[in-house]
Structure formats: structure tokens, C-alpha cells
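Note that this is a predicted model, so its numbers are computed, not measured.
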Amino acid sequence: VAAILAAAERNTPQASGEYARLQAGEKVYAGNIAGVWTNGCAYAVNSATPSTGTLTVCGVFLHSAAKGEAVVAKRGGFVFANSSGAGAIEKKDIGATAYSVSGNAWTVTKTSGTKTVGKVVDVRDDGTVVVFIGN
């Protein structure tokens with residue numbers, strides 16, 4: 001296989017990669033975790049819709065949108081509530097995979113019904129958790 005070499009300069013625009021511009025597959029709300037389903041539409045990760053398949057987490061919704069409307073999700077570190085009791089995230093869990101228990105609570109214990117949402121970045125003194133959402 002021959003290598004294909006660039007024959008000329010190219011002006012390649014740069015984008016931050018922090019934002020995903022999507023179409024809402026259902027009513028979505030600002031601050032909820034955004035996932036993309038196989039139809040290319042955005043859904044809240046803890047939504048009952050779609051009921052089958054896997055959502056690929058891409059960020060947090062920056063604004064609310066009705067089904068069919070444009071919506072923007074941003075990836076990065078976000079602060080959420082910690083789970084209480086068993087499965088609560090501790091400092092020793094920094095770097096571990098975070099799973100959603102609800103739309104605003106996290107654990108590092110994968111159980112039936114939890115969904116992978118990102119990586120634990122920090123556990124704050126007040127017990128809240130910073131999770132990096134999106135790839």
C-alpha cells in the first residue's frame with residue numbers, strides 16, 4: 001500500500017471539540033447528561049427512551065430543547081451529587097469509571113440499571129463529585 005502524501009498546504013479549521021450540536025430525540029433539559037443513540041439524536045442518559053440499545057455519552061446539555069429541536073451538549077468536568085451509603089465515591093476512586101444512579105447522583109459500583117458516564121476527576125470536601133463527561 002503506497003503512502004498518500006500531502007501535495008499542497010491546506011487551511012484546516014480548528015474546533016475545540018468541547019461541543020456536540022445535536023437534534024433532541026425527546027424533550028431534554030439543561031444540566032442533564034447527554035447521550036447519542038443509534039438514530040443520531042440526543043437523549044438524556046437516565047431517560048426511559050430509548051428503551052433498547054446503548055446511548056453514547058457525549059456531554060451535558062447546555063440548554064433545554066423539545067423533541068426535534070437543535071440542542072448543544074458540552075463535554076468536560078461537571079460537579080454532581082455523590083451517592084449516599086454503599087457505592088459512594090471517595091478520593092481513592094479518582095480516575096475510576098463513574099456510573100449514574102440517577103440524573104444527578106454517581107457511584108463507582110456498576111450494577112443493573114447504572115450507566116457509564118465518565119471518569120471521576122475529584123471528590124470535593126463537601127462530598128460532591130467532579131466527573132469528566134464525554135470522550
Side-chain angles (χ1 to χ4, degrees):
V1 175
I4 299 174
L5 303 175
E9 292 181 356
R10 179 180 187 280
N11 181 13
T12 305
Q14 183 178 9
S16 70
E18 292 178 276
Y19 301 95
R21 287 160 180 74
L22 305 160
Q23 179 181 9
E26 66 179 346
K27 171 74 175 168
V28 296
Y29 297 95
N32 284 284
I33 305 300
V36 179
W37 193 44
T38 56
N39 65 0
C41 291
Y43 296 84
V45 167
N46 287 93
S47 169
T49 307
S51 59
T52 61
T54 302
L55 290 170
T56 301
V57 173
C58 64
V60 170
F61 291 118
L62 293 184
H63 57 91
S64 299
K67 180 178 181 177
E69 291 182 345
V71 67
V72 176
K74 182 177 184 192
R75 70 183 198 131
F78 294 90
V79 180
F80 295 99
N82 202 339
S83 292
S84 57
I89 297 175
E90 303 173 30
K91 287 281 190 183
K92 68 178 180 59
D93 298 317
I94 291 174
T97 299
Y99 302 93
S100 66
V101 174
S102 68
N104 190 36
W106 313 98
T107 181
V108 291
T109 306
K110 182 169 179 56
T111 60
S112 177
T114 60
K115 296 180 180 158
T116 304
V117 293
K119 293 288 184 185
V120 177
V121 176
D122 193 15
V123 179
R124 294 182 167 182
D125 291 340
D126 65 1
T128 57
V129 179
V130 179
V131 178
F132 189 90
I133 307 291
N135 297 348

Please find the pair of heavy atoms, one from [X] and one from [Y], that lie closest to each other, and give the distance.
X	Y	result
Ala30	Ser64	N-OG, 3.1 Å
Val28	Ala42	CG1-O, 4.1 Å
Lys91	Asp122	NZ-OD1, 3.0 Å
Ala96	Val108	CB-CG1, 4.0 Å
Ile133	Val117	CD1-O, 3.6 Å
Gly77	Phe132	N-CD1, 3.8 Å

When you compare the side chain of [Y] with that of [X], does any pair of heavy atoms fall below 4.5 Å?
X	Y	value
Val123	Glu90	no
Thr97	Lys119	yes
Cys41	Glu26	no

How far does [atom1] of [X] sit from [atom2] of [Y], to the nearest 0.5 angstrom?
X	Y	atom1	atom2	value
Lys27	Glu69	NZ	CD	7.0 Å
Asp93	Thr109	CG	OG1	8.0 Å
Thr38	Leu55	OG1	CG	8.5 Å
Tyr43	Leu22	OH	CG	11.5 Å

Same cluster for [X] and [Y] if Ile/Leu/Val/Met/Phe/Trp/Tyr side chains link at under 4.5 Å?
X	Y	result
Ile33	Tyr99	no
Val45	Val129	yes
Val71	Val60	no
Val72	Val36	no
Val57	Phe61	no

*Atom NZ of Lys67: over 12 foreign heavy atoms under 6.0 Å*: no
*Do side-chain atoms of Asn82 reach the backbone of Ile89 as a donor and acceptor pair under 3.5 angstrom?*
yes
